[in-house]
Amino acid sequence: MSAVLPVLATRLSTAAAVAFGSSYAELDPELLDPELRSATKPEFGHYQSNLALRLGNALGQAPREVAARLVEALDIADLCETPSIAGPGFINLTLLPSTLAAAVNEPQAFTTRHQRVVVDYSQPNVAKQMHVGHLRSTVIGDALCNVLQFVGYDVIRQNHVGDWGTQYGMMIEQLLGENLNAEELDLQGLQVLYERSRKHFDADGAFADKSRARVVLLQSGDPETRAIWQRMVDVSLDDFEQVYALLDSRLTRTDVVGESAYNNDLPRIVDELSEAGLLTESDGALCAFLPGFKGRDGQPLPVIVRKSDGGFGYSATDLAAVRHRVSTLHADRIVYVVDHRQALHFEQIFALATSAGWLPSTTTAEHVGFGTVLGPNGKPFKTRAGGTVKLTTLLDEAVARADSLLEGREGIDRQVTAKAVGIGAVKYADLSSDRGNDYVFDLDRMVAMTGNTGPYLQYAHARLTRLLSKAGTDHDQILELKDPAEERLALLLTGFAGVVEQVVETLQPHRLCTYLYDVATALSVFYEQCPVLTSEGDTRASRIALCTATRKVLQDGLGLLGIQAPDAM
Ligand code: ARG
């Protein structure tokens, strides 16, 4: 499907130039954007522009007259019916059936980028189970990578795993003190070891000192300490990999570039910042105070680059990561998929990295924030005891629900399909809500076969697949569009490229979800109004072609979201 919208927009701009000549040239280009939108009601045609209203305002002329002059200058008869003017001066456009059919028949065109984007996402922490916050980052990050790759970006995934810091000194000291064998610990064992060492650390000053000395050993590369740490990392990464496999995530071991990877760069970060005159000592710590960053109490908010005990923290590591991504990975764009509570952290990092010259104006850095996953009680999702809910428990439950949904279905591989549907349901629920908002983790709603859900879209796709296999003949050219339900569906299909572009720009996957849901809804109206297999001649061929194009949009769309589209369910 080629996108007709940009073509129509260009024609309108040209008409404005022709009709208003020199006065046009002096106007702000923003004002002249035709802003073609889908019409709000079928009687307004297919698209609507408010250009005449804005232009009229700017030129001090009556909008309806401006609209009339625009329409007169508009050269569009090859694509649209005669344009109409509505209300205060809206221009309504209706595509000719042949234009609409051709737009669906032709391959969809995208502006291809030849740029590199680094996407920092998932980022679980070593020695801790992944939780729902990591689910969001992983699912949103995967979808964004898919979309960016689809339009031609060279995508580099970076899993910025939390694998460095004081807690590992503490845990290693505890493990050695208890004479435990690191080889025998699994992730659950590591998590409880962490809890014991934390208590020990808080209660026993001598242990705390030994733990700090152990961190120094770890950072300076002491072999015994490193070996134990490495074991903790490996156990954790093995576990994360299982979660990624269950989630159908594209992340692999080679995408892991954890916090520890920047250890050797940290002293340089401090040196360069201090040479640039950006550091101030404050209570023994080295801090950067940036203009414009103030706390609620009005006090300046520092970025702590080196702590008073000489250790480097989370911020220093992120600064080193920016530097690496720009100078070594040559990123044109860096995207951080991290919950919105870290918004201020990233604002500070981007500002400081800019001041230090590590983030040039040719690279854009964006924090893609997201809200919290809530439990049934509307509070952040926790177990009854207040602990974090294990992600795999939730995912297994989702697959089990999907499995019972498929009860009695024939001709499917039940296990494979239940996984596709259950995991797809969880991912879709996450992606379809505006990422800035919180949402309630409600499995009943997620796996429902009706409404804006993953299973609803998967079912729409599977039903089309079955219908097309029954048709017996292939058709990929729409010859006629007569029924309003056909027209509505075809018009929606031409919008796919536009929606993908919107996701590239806004990094909001829910826009694609809403679009796919609209397509599936229009499809069900089409089924009601337009028999496919029992119709004849051009009508039958056209409807089969329309179904084929719809199936492709659903399949591609779900694929971009990282959701499987089984052929039967
Ligand atoms: N590991 C951190 C957490 O679980 C998130 C890391 C985000 N990425 C980054 N470059 N700081 O909260």
Side-chain angles (χ1 to χ4, degrees), residues 117-142 144-145 155-168 171 187 190-191 194 198 229 232-233 236-237 239-240 243-244 247 249 251 255-263 265-266 269 303-305 312-329 331 333-354 358-359 363-373 380-382 387-391 430 435 507:
V117 58
V118 168
V119 186
D120 177 324
Y121 73 104
S122 192
Q123 321 116 334
N125 300 310
V126 160
K128 288 194 190 134
Q129 307 276 5
M130 281 173 81
H131 56 69
V132 283
H134 301 121
L135 167 79
R136 295 216 71 182
S137 180
T138 307
V139 169
I140 297 169
D142 264 329
L144 293 179
C145 286
V155 175
I156 301 186
R157 296 171 169 79
Q158 298 272 280
N159 191 354
H160 193 85
V161 169
D163 62 357
W164 211 235
T166 333
Q167 69 264 38
Y168 302 103
M171 289 175 69
L187 188 54
L190 282 176
Q191 188 149 342
Y194 169 78
R198 176 90 249 171
W229 170 83
M232 292 178 173
V233 172
S236 308
L237 294 185
D239 200 277
F240 301 157
V243 180
Y244 294 147
L247 266 180
S249 166
L251 281 170
D255 303 317
V256 174
V257 183
E259 294 180 17
S260 61
Y262 303 101
N263 183 50
D265 298 343
L266 301 179
I269 291 294
V303 180
I304 302 174
V305 182
F312 301 98
Y314 187 58
S315 294
T317 302
D318 262 325
L319 289 168
V322 172
R323 195 169 167 277
H324 172 73
R325 290 164 185 178
V326 172
S327 65
T328 309
L329 301 180
R333 193 172 177 181
I334 314 175
V335 171
Y336 294 80
V337 189
V338 184
D339 78 87
H340 60 28
R341 288 168 305 181
Q342 296 197 34
L344 180 62
H345 165 76
F346 286 109
E347 266 180 57
Q348 289 185 307
I349 294 298
F350 300 162
L352 186 51
T354 305
W358 298 322
L359 185 59
T363 303
T364 37
E366 292 152 279
H367 172 217
V368 172
F370 52 80
T372 309
V373 181
F381 208 178
K382 291 270 152 60
T388 46
V389 184
K390 233 178 111 174
L391 191 48
D430 195 295
R435 63 175 161 74
L507 304 177

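Side-chain atoms are counted along with the backbone in the values below, which use heavy atoms only and exclude waters and symmetry mates. Residues: numbered from 1 along the sequence shown. Numbering of ligands and ligand atoms starts at 1, following listing order.
Polar contact check, N125 against ligand 1: a nitrogen or oxygen pair lies under 3.5 Å apart. Below 3.5 Å of separation, one finds an N or O of Y314 facing an N or O of ligand 1. Considering backbone and side-chain atoms together, R325 places no N or O closer than 3.5 Å to any N or O of ligand 1. Below 3.5 Å of separation, one finds an N or O of D318 facing an N or O of ligand 1.
Each of the atoms 8 (N), 9 (C), 10 (N) of ligand 1 lies under 4.0 Å from some heavy atom of D120. Less than 4.0 angstrom separates some heavy atom of V338 from each of these atoms of ligand 1: 7 (C), 8 (N). Less than 4.0 angstrom separates some heavy atom of H134 from each of these atoms of ligand 1: 4 (O). With ligand atoms numbered from 1 in the order given, ligand 1 contributes 9 (C), 11 (N) to contacts under 4.0 Å with heavy atoms of F346.
Side chains of L135 and L247 form a contact here, defined as non-hydrogen atoms less than 4.5 Å apart. With contacts defined as side-chain heavy-atom distances shorter than 4.5 Å, the pair V126/W229 does not qualify. Put simply, the side chain of M171 reaches to within 4.5 Å of the side chain of L190, judged on heavy atoms.
Ring-plane geometry between Y262 and H324 is classed as perpendicular, the angle between the planes exceeding 60 degrees on a 0 to 90 degree scale with a lower cut at 30.
Checked against the 6.0 Å centroid criterion, the rings of H134 and F240 do not qualify as a close aromatic pair.
Contact annotation: for Y121 versus ligand 1, there are no heavy atoms closer than 4.0 Å.
Checked by atom type and distance alone, the side chain of E259 never pairs as donor or acceptor with a backbone atom of G313 at under 3.5 Å.
Residue Y244 forms a side chain to side chain donor-acceptor pair (under 3.5 Å) with just one option from D239, T138, N159, and that option is N159.
Protein heavy atom in closest approach to atom 12 (O) of ligand 1: Q342 NE2, 3.4 Å.
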